[in-house]
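Side-chain atoms are counted along with the backbone in the values below, which use heavy atoms only and exclude waters and symmetry mates.
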Amino acid sequence: MARDITAGDTDRRYRQKEEKAVAHLPPEMAAIWRHKRSEVFLRPDHASKPRYQRRPRATGLWKPATACLYLHQTLRLIAIVRERMPTVPIRIPDLFSQDVVTDILTSDVFRPGSMTRVIFCRANHMVAWRIFDLQAPWLEHAYKNMRREACRRDHSARVLPRPVYEQIASDLAFALPDGYDHDVHSAISYRDAAIITCSLELAPRGHEIVSLRVEDVLPTPDADGLTVFIPASIRKAGSPVRGLLVGEAARIVGQYLHKARPVLLNGRADPGTLWLNHRAGPLSQESLRRILLLKLGKLCGAPCSSNIMRSLMASRTDIREEHLGRRLGHSGHSPLAYDLYPVRDMSVAHGYNQAMLRRNNDPPAGA
């Protein structure tokens, strides 16, 4: 229940933002937007999949947060057209025409090579196609070409060696001496240590880790570890995944469950979520981001995030690539897979080549 309430509150806030933004659209466009957002039917490519038959989706029915992102980019397009091309009428075919789009993209509105242009074209292509039933292939071609050429920031320096994060989690967890009772401060440190541990061992997305519930963590049959189930209902990839915590990782999460979490509850009603804040409420995704970005970043000297933890997992060479892809929920078009798996394979090949060179350069045993 708590999981649904949290998601419902977030959707409600974005729906309110969407309504405010729709009010700034021209009346004709606003009427079409509201109609499409309330329309529900099965898309043809989803008709054969039982998963989509249980949950019909509208052609323009994105989640409220996605709808806000796309809508604000359309409003940005309208503002640019009104400023730069006042003679162009703000009508649906003219607004998304190839001449208008080309003029904007070749102007100085956007910095060359920025991902902002890619997001702008992608959002307006989706709005033109899904909401206004307008085919605009020039928008699709533009964002695909610009995505290939966009300058990506190099965040590789932020990904520190795995033992650095493991040591920080251990220091946070075992800072309280044995024999002392937890208070709220030490319980929060234990919670943060358990979150870092789960992020390292399971590499879930931010939404997935904050949506975990207590019943998703079970002891293994030999009682030496913990099994964590991430159900399909909270997975972006749509398939469940199971992770195993052993050794120090299992000890940290187990101690959080049995000793630190009851202190955070402090006799209040248990919402059932695995991670609690100091008021015994479910931990929000923003709080998780601040734990990793600020607290962990201050301790390790480099900003951290759930995506960095996933990058660290994707670069591991002790797990087969197909197992990594299933655990991380990577599709064949995953940008992270495109970026990291070749680097991973190159590092494996480099290690193999160095081993072969040493072997060939070693003198024979009888020499």
Are [X] and [Y] packed together at the side-chain level, in the sense that at least one heavy-atom pair is separated by less than 4.5 angstrom?
X: V88; Y: R82; answer: no
X: L212; Y: V217; answer: no
X: S306; Y: L292; answer: yes
X: I32; Y: I92; answer: yes
X: L264; Y: R279; answer: no

State whether the side chain of [X] and the backbone N or O of [Y] hold a donor-acceptor pair below 3.5 Å, judged by distance alone.
X: H258; Y: G254; result: yes
X: R191; Y: L276; result: yes
X: S287; Y: L283; result: no

Pairwise side chain to side chain donor-acceptor pair (under 3.5 Å) hits with a residue in residues 87-108, at least two apart: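 Sorted pair list: R91-D94.
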Output the rest of the hydrophobic cluster of V263: all Ile, Leu, Val, Met, Phe, Trp and Tyr residues reachable through side-chain heavy-atom contacts under 4.5 Å, sorted by chain and number.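 Answer for V263: none, a lone residue.
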Between Y70 and R130, is there a cation-pi geometry (under 6.0 Å to ring centre, at most 45° from the normal)? no
With sequence neighbours excluded, tell me which residues meet salt bridge (Lys or Arg N to Asp or Glu O under 4.0 Å) with [X].
X: E19; value: R34
X: E248; value: none
X: E83; value: none

Any side-chain donor paired with an acceptor under 3.5 Å for S189 and S186?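 Looking only at side-chain atoms, S186 and S189 do not form any donor-acceptor pair under 3.5 Å.
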Pair E140-W129, side-chain donor/acceptor within less than 3.5 Å: no
Only counting residues at least two apart or in another chain, list the ones meeting ring pair (Phe, Tyr, Trp, His ring centres under 6.0 Å) with Y165.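 With neighbours one apart ignored, the set is empty.
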For the pair Y143 and H125, name the ring-plane relationship: parallel under 30°, tilted 30 to 60°, perpendicular over 60°.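 Ring orientation, 0 to 90° scale: tilted.
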